[in-house]
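Take a look at the structure set out below.
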Amino acid sequence: MTEFTIASFNVKNLIGADQEYYRFESYTPEEYAWKKNWLANQLLSMNADIVCFQEIFDQAALQAVVDETNEAGNALNAEVIPDIAKRYHRKAIFEKLNFDAYSREQLFFAPNVDDGGAGHRRPGIAMLSRFGFEESPEVIQTLTQPVVIDFPSAGYDSGEKAGSYTLERLSRPIIKAKIKIGNQIVTIFNCHLKSKLGEYVKPAGASFAPEADLVHYLPAQRALGELRALLRRSAEAYVLRKLIADELVKDNPVMVLGDFNDSEYSVSSSMIKGERPFKNYAWMRRHDAEHKSDRYTEQEDLIIRAQIEQYQLQSAEMQFIKKSQRDMVFTSAFGGVYESIDQILMSQHFIEGSANNIGVMDYFSVFNDHIADGAHAEAPYNKLASDHGQIMAHMKLFD
């Protein structure tokens, strides 16, 4: 049996000192040193084999975090791992305490194609893997074929359109990586979907969008900005879902991690996870019905449910809650609302009892004390520590 851990880590605006990422936003050398140290300590505590990072502006800054993690981990090994000459050195506890350093070849960074100059930076994402990568990971952001979403008119059979939305580029890249773990090659996606923050159009020649002026509040226009964000996030969820389906149709094991910027039960999250089948389709009127009683047969019911389940992803968090009877996991706190917007999803290959089962999740960890302890809400600590909790799945593969 092969055991591994896989985690999602939104680091919140990682960049080196004295570099303006958003307008007027930067870290002093002291603030950067504090942030780097905090991230390294968090990464060391997690000690995950695979880590999917979000909000990375600068690969060098992330590499510095990994280097500091390695330095601290090696120092800890020297203190707590017994010499081979000690008769008790093979105790299982020391396998758990041991830290394996990450190499530079195990870190892959995907910059944002829209990344601009000082004050106009756009974050990328990264993946760290102790197993390395089977091939160079694929980065998806500028779409070779734009997504065109047509809206039918109210009379659905008329053939007329009520409008359309076109997406040519994702707000942040998606990383698709093939990683060999034990005897299995697993396809892992790292994503960071568009946030709920509204998008506003700045008129030609203006220095800011009218909606940004909160003194002269424009409620309907602010709502339109949220609509733009929702459309973009949902379209990005569709792009990710199609990439996932392309792997599942080949029966490839899949795991999807990242900042979904929406809750477990949101429409965009549901799109990524896939449709949930009804318990029985034999009651449903057929798509090609010619008479009132034309319904799917019991045999067709089995076919329908099997096809839908083949493309489903399961939430690691929900698997954990069912197993542990815990009622709440959260990775984000904003405006007094605690919710999980960071997720780990897995294909049926990792669900016990499925026809193509190759492994299971043994445990699920959440590192969110820095959010829940009250320090996050107002203190300067908010700027330096991540505003997300980290999540990690403990997996077992059957050899």
Side-chain angles (χ1 to χ4, degrees), residues 3-14 34-56 61-62 64-73 76 80 96-102 107 123 125-130 188 190-192 255-264 315-321 323-324 326-334 337-346 361-377 379-395:
E3 298 184 8
F4 72 99
T5 50
I6 182 167
S8 183
F9 193 165
N10 185 317
V11 299
K12 189 182 182 182
N13 301 330
L14 180 59
W34 192 100
K35 184 176 182 71
K36 180 161 65 78
N37 179 256
W38 187 89
L39 293 174
N41 286 336
Q42 202 80 344
L43 191 57
L44 178 60
S45 296
M46 295 162 63
N47 195 16
D49 296 310
I50 302 169
V51 186
C52 294
F53 296 99
Q54 300 89 40
E55 293 199 25
I56 309 295
L62 179 57
V65 169
V66 175
D67 291 344
E68 188 164 329
T69 304
N70 287 340
E71 185 178 343
L76 190 61
V80 303
K96 295 291 185 182
L97 295 176
N98 185 62
F99 173 82
D100 291 326
Y102 304 101
L107 179 64
I125 60 177
M127 193 178 294
L128 183 64
S129 167
R130 283 195 174 115
I188 297 175
N190 179 17
C191 68
H192 185 184
M255 300 189 79
V256 183
L257 297 89
D259 179 357
F260 287 28
N261 263 315
D262 223 335
S263 64
E264 167 79 19
S315 161
E317 175 187 324
M318 297 310 294
Q319 292 296 311
F320 175 61
I321 288 174
K323 202 171 184 178
S324 68
R326 285 184 61 169
D327 63 350
M328 182 180 180
V329 169
F330 62 88
T331 68
S332 172
F334 185 78
V337 177
Y338 289 76
E339 59 182 343
S340 293
I341 63 175
D342 304 86
Q343 299 183 41
I344 299 175
L345 306 178
M346 58 190 74
M361 185 183 75
D362 190 47
Y363 193 69
F364 183 80
S365 298
V366 185
F367 299 79
N368 60 8
D369 284 348
H370 59 286
I371 295 175
D373 66 2
H376 165 76
Y381 184 72
N382 175 17
K383 177 182 178 181
L384 302 180
S386 174
D387 54 350
H388 287 246
Q390 291 73 61
I391 51 176
M392 180 166 71
H394 303 245
M395 309 297 298

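Because the structure is predicted, anything quoted here is derived from the model rather than measured.
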Only counting residues at least two apart or in another chain, list the ones meeting side chain to side chain contact (heavy atoms under 4.5 Å, CB included) with [X].
X	answer
S45	F367
A7	M46, A48, M392
E71	none
N41	N37

From [X] atom [atom1] to [Y] atom [atom2], the distance as rounded to the nearest 0.5 Å:
X	Y	atom1	atom2	result
H394	I6	NE2	CD1	12.0 Å
F260	S8	CZ	OG	8.0 Å
L257	D342	CG	CG	10.0 Å
I391	N368	CD1	CG	10.5 Å
L107	L128	CG	CG	5.5 Å
Q343	S263	CD	OG	7.5 Å

Exercise. With sequence neighbours left out, what residues match F9 under ring-ring contact (aromatic ring centres under 6.0 Å, His included)?
Worked result: F53

Exercise. Residues two or more places apart in sequence or in another chain: which of them pass ring-ring contact (aromatic ring centres under 6.0 Å, His included) with Y102?
Worked result: F99

For this session: Begin from the C-alpha positions of V66 and N70 and carry the test side-chain contact (heavy atoms from CB on, under 4.5 Å) through to its verdict.
Result: CA-CA 6 Å; V66 175; N70 287 340; 4.0 Å; yes

Report the residues that fulfil side-chain hydrogen bond (donor to acceptor under 3.5 Å, both in side chains) with [X], sequence neighbours left out, ordered by chain and then residue number.
X	result
S340	E317
E55	N10
D67	Q63, R104
N190	Q54

Locate the shortest heavy-atom distance separating [X] from [Y]; write the atom from each residue and the value.
X	Y	answer
G389	H370	CA-CE1, 3.9 Å
M361	A316	CE-O, 3.2 Å
N47	N98	ND2-O, 3.4 Å
G73	L44	CA-CD1, 3.7 Å
W34	A385	CZ3-N, 3.8 Å
I344	M255	CG2-CE, 4.1 Å

Problem set entry | Any residue meeting salt bridge (charged side-chain N to carboxylate O under 4.0 Å, His left out) with D262, in chain and number order, not counting sequence neighbours | K196, R233

Exercise. With sequence neighbours excluded, what pairs up with E68 under the salt bridge (charged side-chain N to carboxylate O under 4.0 Å, His left out) test?
Worked result: K36

For this session: For the residue pair I50 and S129, establish whether any side-chain heavy-atom pair is separated by less than 4.5 Å.
Result: yes

Problem set entry | Any side-chain heavy-atom pair of I56 and P123 under 4.5 Å | no

For this session: Would you kindly say whether D259 and H192 are connected by a side-chain donor-acceptor distance under 3.5 Å?
Result: yes

